[in-house]
Amino acid sequence: GIPFRADVTVGTFTLDEDRAAAVLTFRDIEAELLAQATALRSADLLGFTPDLVVWSDATGAIEYINAGGRALTGVSDIDEMNIEDLFPPWAAERFSRDILPELRSSGSWIGEMALVDQGGEEIPVSMTCLFRHEGDNTYYALLARDLREHQHLELLQHAFVSTVSHELRTPLTGILGYLEMFVSGD
């Protein structure tokens, strides 16, 4: 046969005064071990991402926040922390009023929002929210990427384009002036 990992249970019983017997039960646990290994790899990957990964129960009580999310927000203790505690007041209101109803109806929401760190600073983020209701299990998951560096690069790009555009227009204005004087005969 094919070797496999098994959970073995041994049961003994007495046949009569002089004899005893044992019963061995084997249960194939390969699928369980594979599922556990996959879960550990997934949790390990979530730990390495710099993005925020959070999941909560149906009430919004946070059950997990990855290391990247803790670093981004400064959150260390999630006991008695609700998912809305991750947002500044205006974003928490938007989450409750607009995003939660959409999550419950469609199962997902993607857009831009803001988180708040422990010092009260707003963090612009690109966010994906997921909602799942499977039997007795209901949960929310949030994935958020910090947009501060991206927004800073966009500002630099805009400033560069504006400066180059201005610098190109300045000499062209003088040249156009001379051309107009030449054409008019002055």
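- Of the N and O atoms on the side chains of Glu84 and Ser96, at least one donor lies less than 3.5 Å from an acceptor on the other residue.
- In this structure, the ring of Trp55 has its center no less than 6.0 angstrom from the ring center of Tyr139.
- Residues passing the side chain to side chain donor-acceptor pair (under 3.5 Å) test with Glu102, sequence neighbours excluded: none.
- Ring pair Phe131/Tyr140 is tilted by interplanar angle, where 30° to 60° counts as tilted.
- By the neighbour-count criterion of 12 heavy atoms within 6.0 Å, atom CD of Gln118 is densely surrounded, having more than that number from other residues, nucleotides or ligands.
- To the nearest 0.5 Å, the span separating CZ on Arg27 from CG on Asp7 amounts to 4.5 Å.
- Under the 4.5 Å side-chain criterion, counting only non-hydrogen atoms from C-beta, Pro88 is in contact with Glu122.
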Quick one, Leu143 with Asp51, criterion side-chain contact (heavy atoms from CB on, under 4.5 Å). Give me CA distance, side-chain angles, the key distance, then yes/no. CA-CA 7 Å; Leu143 303 111; Asp51 298 332; over 6 Å; no
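- Rounding to the nearest 0.5 Å places CG of Leu103 at 9.5 Å from CZ of Arg132.
- Within the 4.5 Å cutoff, no side-chain heavy atoms of Glu112 are placed close to those of Met127.
- Side-chain contact check for Val75 versus Leu86: some heavy-atom pair is nearer than 4.5 Å.
- In this structure, Arg70 places its CZ atom where more than 12 heavy-atom neighbours from other residues, nucleotides or ligands lie under 6.0 Å away.
- The two residues Phe95 and Pro101 have their closest heavy-atom pair at O-CD, 4.5 Å.
- Looking only at side-chain heavy atoms (C-beta outward), Leu115 and Leu52 come within less than 4.5 Å of each other.
- For Asp136, the CG atom sits in a loose shell: 12 or fewer heavy atoms of surrounding residues, nucleotides or ligands are nearer than 6.0 Å.
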